[in-house]
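Fair warning: this is a prediction, and the values are worked out from it, not measured in the lab.
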Amino acid sequence: MTTNKKYIYVTGGKGGIGKSTFTLALVDYMAQQGKVLLIDADPVNADSSAAYKEGKETNVRAIRAKVRAEDTSGQIDASGLIETLNMADKEEVETTIVDAPAGDSTLLISAGSIITEACKQIGMESIFVWLVDSTDRTPVNALHGAWESIKDANKILIVKNYRKGTNFDFFDNSKTIAKINEAMNVQTIDLPKIASRLEEHMRIDRMTWKEIATDTPIGNRVEGQRMRKAMHDTLKEVGL
């Protein structure tokens, strides 16, 4: 069986890495191609689903869900993650995007292969988006730990988030990253630093990228249009 559906899991193995910011860019881009189911799995900061609440855009349905849990014996319970796959299969949408919770690398180590295998069986494209920044080795270490479970995905995008700086020497010189980059399904892209005034529109005003590019003061609007186009162009270049 083959479908035109995509299942995109956005993570980084830690909080504050820019998952919700990039998720909003992904939703904005994919919604131009078809219907999107946005699953916000962040139990604390529901920034992505808040921007699309109450049916703000006809092509996007946003919900909150819990994907990581432990059973009574302390074992990782993947039921929530599995349910996102069930929804992706059943929903009449082209793309399902999961904005993952912080610290989900343990979940992916034990259950990441469920995503790739389920998508394979129903003909849905599996995509992992892994954000890294310039100040913390945690995302790279988390990717190393989860690699064996996610390596069979159709596409793995490593996103260098320049929000906290431009020195990615650790990332660029990492033997782990060099080995991972040998895989044909891995691509690395940049997420340029986004001005704080635009981030405030997203986090405080709960605005989408489309709204920032059309409904903000002229200076912010032009800057938003420029950033939005740059992100759309990048996502198009990597085959999304």
Check V98, N185, T116 against F128 for a side-chain contact (heavy atoms from CB on, under 4.5 Å) and give me the one that passes. T116
Taking atom types as modelled and ignoring hydrogens, do the side chains of D99 and S48 form a donor-acceptor contact shorter than 3.5 angstrom? yes
Determine whether the side chains of E83 and N86 contain a donor N or O and an acceptor N or O closer than 3.5 Å.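 Side chains of E83 and N86: pair found under 3.5 Å.
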Does NZ or CZ of K193 lie under 6.0 Å from the centre of the six-membered ring of Y162, at an angle within 45° of the ring axis?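 No, K193 does not lie over the aromatic ring of Y162.
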Flag side-chain contact, heavy atom, 4.5 Å: [X] against [Y]:
{"X": "T188", "Y": "F168", "answer": "no"}
{"X": "I158", "Y": "I189", "answer": "no"}
{"X": "D104", "Y": "K14", "answer": "no"}
{"X": "V186", "Y": "W147", "answer": "yes"}
{"X": "S49", "Y": "I63", "answer": "no"}

I17 to N161 - nearest heavy-atom pair and separation: O-ND2, 3.0 Å
So, for A102 and G15, which heavy atoms are closest and what is the spacing to 0.1 Å? CB-N, 3.4 Å
Can you tell me how the ring of H232 sits relative to the ring of Y29, calling it parallel under 30°, perpendicular over 60° and tilted otherwise?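 H232 and Y29: perpendicular rings.
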Without swapping roles, check the side chain of R221 against the backbone of A213 for a donor-acceptor pair under 3.5 Å.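 No, because the side chain of R221 does not come within donor-acceptor range (under 3.5 Å) of the backbone of A213.
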Going by the side-chain hydrogen bond (donor to acceptor under 3.5 Å, both in side chains) test, name the single residue among T96, T84, D89, T95 that passes it with Y7.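 The side-chain hydrogen bond (donor to acceptor under 3.5 Å, both in side chains) with Y7 is passed solely by T84 among T96, T84, D89, T95.
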Option among K35, K5, R61 that satisfies the salt bridge (charged side-chain N to carboxylate O under 4.0 Å, His left out) test with E91: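 The passing option is R61.
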